[in-house]
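All of these numbers come straight from a predicted model, not from anything done at the bench. Atom set for the values below is all heavy atoms of this structure, side chains included, hydrogens, waters and symmetry mates excluded. In what follows, every chain begins at residue 1, and chains take the letters A, B, ... in the order their sequences are listed.
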2 protein chains.
Amino acid sequence: MHEQLTKFITDRIQLSEADLQQVLSCFHLLITKKNEIIGRTGELSRRMFFVNKGCLRVYYIKPDGREATRRFAFENSFSTSLASFIGGTLLKEDTQAVEQSELLYIHREDFYSLLNTVPNWEKFYRGFLEHAYIINTSRLEDFITLNPRERYQLLLKENPQMVLRLPNKLVANYLNITQEALSRIKSGS
Amino acid sequence: MHEQLTKFITDRIQLSEADLQQVLSCFHLLITKKNEIIGRTGELSRRMFFVNKGCLRVYYIKPDGREATRRFAFENSFSTSLASFIGGTLLKEDTQAVEQSELLYIHREDFYSLLNTVPNWEKFYRGFLEHAYIINTSRLEDFITLNPRERYQLLLKENPQMVLRLPNKLVANYLNITQEALSRIKSGS
DNA sequence: CTGATTATTTGATCCGGATCAATAATATAG
DNA sequence: CTATATTATTGATCCGGATCAAATAATCAG
């Protein structure tokens, strides 16, 4: 059950067997149904998820009820509403399992206490933060430098699985355009 | 010369006097002229800046030559093209002093070697990364959830100095709209 | 101080993507 | 398998912000 997570961690930092076991013991299994919501705006940010199987979607809900997708997380990636997780504050976004998923989650308190008990965990967290920052900055760059068609073409090039695997509706939302607009872009008109 | 920087650091982490001196000794003064460019797209990311006085602007240059501003940094904040700084890779954006500025910079190698020599520097870096992540995510949120007028109103509310201190042209660019559009928004039409 | 450059404002027009609407195609539940 | 709901496509229209243009105001260099 923990193979993928073990690989993810040991690819990034060195851990003694005891430390590894301590880390793994903090993670719990969560099986979700398709479309199940596992984090809601306004709740306290309490968990960080590792995706063993399936896909998570993190999205803002606008005042008019519409959604704006910040991120998708597929197999072998971590996902949390980090901005809230850091301070243990209220969530500003929902997290939804887009597919039937198999997740491993760690509680916020456990995550941060590992920083004190496992010597290399600080380094793991550092790498995690750096990666999260880079991903987010790249996405910000896309929005301020590209138009919708260019954003789609870039996504198709850099992350084809996302276009192939997810319904158009969600891909369009991720690109911050309507599904009608995406449909027209795809048909090349 | 190092008072503001000292305060910034000691507000965030505890350091022995010796450690503090070691950290400060890594920083060098740079006085810039107005509009001087201190980091260019394509160069290696080598420095991180602390703004003692003045203002930095970090912006992408699009294929057609137009610019897209990612960030402004005013007094008492750090600024670097972090995504490139982390890996020591090529810059994807320019950094420009928008005003005559007084900066303290640290070389990338020195910054990262402090992680090994100053016990609490890892914690400082962690806080830095967390803060940078939060800022960037908030900006991404603004772009995917707000329209130009709403982005301006939020900026005026949360960061009035930016609107008051910078030329409209730059504020508009930061909001990712034209200066004509900003002018019309301001005049309330 | 003065001329030249740069920034701002205002107006006219244009255009990409949103919205609204109607089918058609798929997916899902029972 | 079938009925129902959801998603995708296509067309018509609309609208916010871009573009282009011109006049004014503000800055800056000498």
- prompt: Atom CG of D142(B) and atom CG of L175(B): how far apart are they, to the nearest 0.5 Å?
  reply: 9.5 Å
- prompt: Whole-Å distance between dA8(D) C1' and L182(A) CG?
  reply: 10 Å
N168(B) side chain to K186(B) side chain, donor-acceptor N/O pair below 3.5 angstrom: yes
message: Classify the ring geometry of F72(A) against Y174(A): parallel below 30°, tilted from 30° to 60°, perpendicular beyond 60°.
response: tilted
task: Please confirm whether the backbone N or O of Y59(B) pairs with a side-chain atom of E67(B), one donor and one acceptor, at under 3.5 Å?
output: no
query: When you list every nucleotide of DNA chain C with an atom under 4.0 Å from a heavy atom of chain B, which one comes first 5' to 3', and which comes last?
result: dA7(C) to dA12(C)
message: Angle between the two end axes of the helix from dC1(C)-dG30(D) to dG30(C)-dC1(D), five base pairs per end, rounded to 10 degrees?
response: 70°
message: Can you tell me if Q14(A) has over 12 outside heavy atoms packed within less than 6.0 Å of its CD?
response: no
message: Keeping D94(A) on the side-chain end and I61(A) on the backbone end, is there a donor-acceptor pair under 3.5 Å?
response: no
query: When you measure from the side chain of T32(B) to the backbone N and O of A97(B), does any donor-acceptor pair fall under 3.5 Å?
result: no
task: Walk me through it: do E130(B) and Y125(B) pass the test side chain to side chain donor-acceptor pair (under 3.5 Å)?
output: CA-CA 8 Å; E130(B) 288 178 339; Y125(B) 186 38; over 6 Å; no
task: Measure the acute angle between the ring planes of F8(B) and F124(B), then classify it against the limits of 30° and 60° as parallel, tilted or perpendicular.
output: perpendicular
- prompt: Base, backbone or nothing for each nucleotide of nucleotides 24-30 of chain D, written B, S, -, heavy atoms under 4.0 angstrom, 5' to 3'?
  reply: ----S--
Nucleic acid contacts of residues 161-180 of chain B, taken as heavy-atom distances under 4.0 Å to DNA chain D: N176(B), I177(B), T178(B), E180(B)
Salt bridge (charged side-chain N to carboxylate O under 4.0 Å, His left out) partners of R70(B), counting only residues at least two apart: E93(B)
task: Find the distance I185(A):CD1 to dT10(D):P and express it as a whole number of Å.
output: 14 Å
query: Taking the inter-plane angle between the rings of H107(B) and H28(B) on a 0 to 90° scale, is it parallel (under 30°), tilted (30 to 60°) or perpendicular (over 60°)?
result: tilted
- request: Taking N52(B) for its side chain and M1(B) for its backbone only, find out whether a donor-acceptor pair lies under 3.5 Å.
  value: yes
Please tabulate, for the side chains in residues 16-23 of chain A, all donor-acceptor contacts under 3.5 angstrom to protein atoms that are two or more places apart in sequence or on a different chain.
residue, atom, partner, partner atom, Å
S16(A), OG, D19(A), N, 3.0
S16(A), OG, D19(A), OD2, 3.4
E17(A), OE2, Q21(A), NE2, 2.8
Q22(A), NE2, T117(A), OG1, 3.2

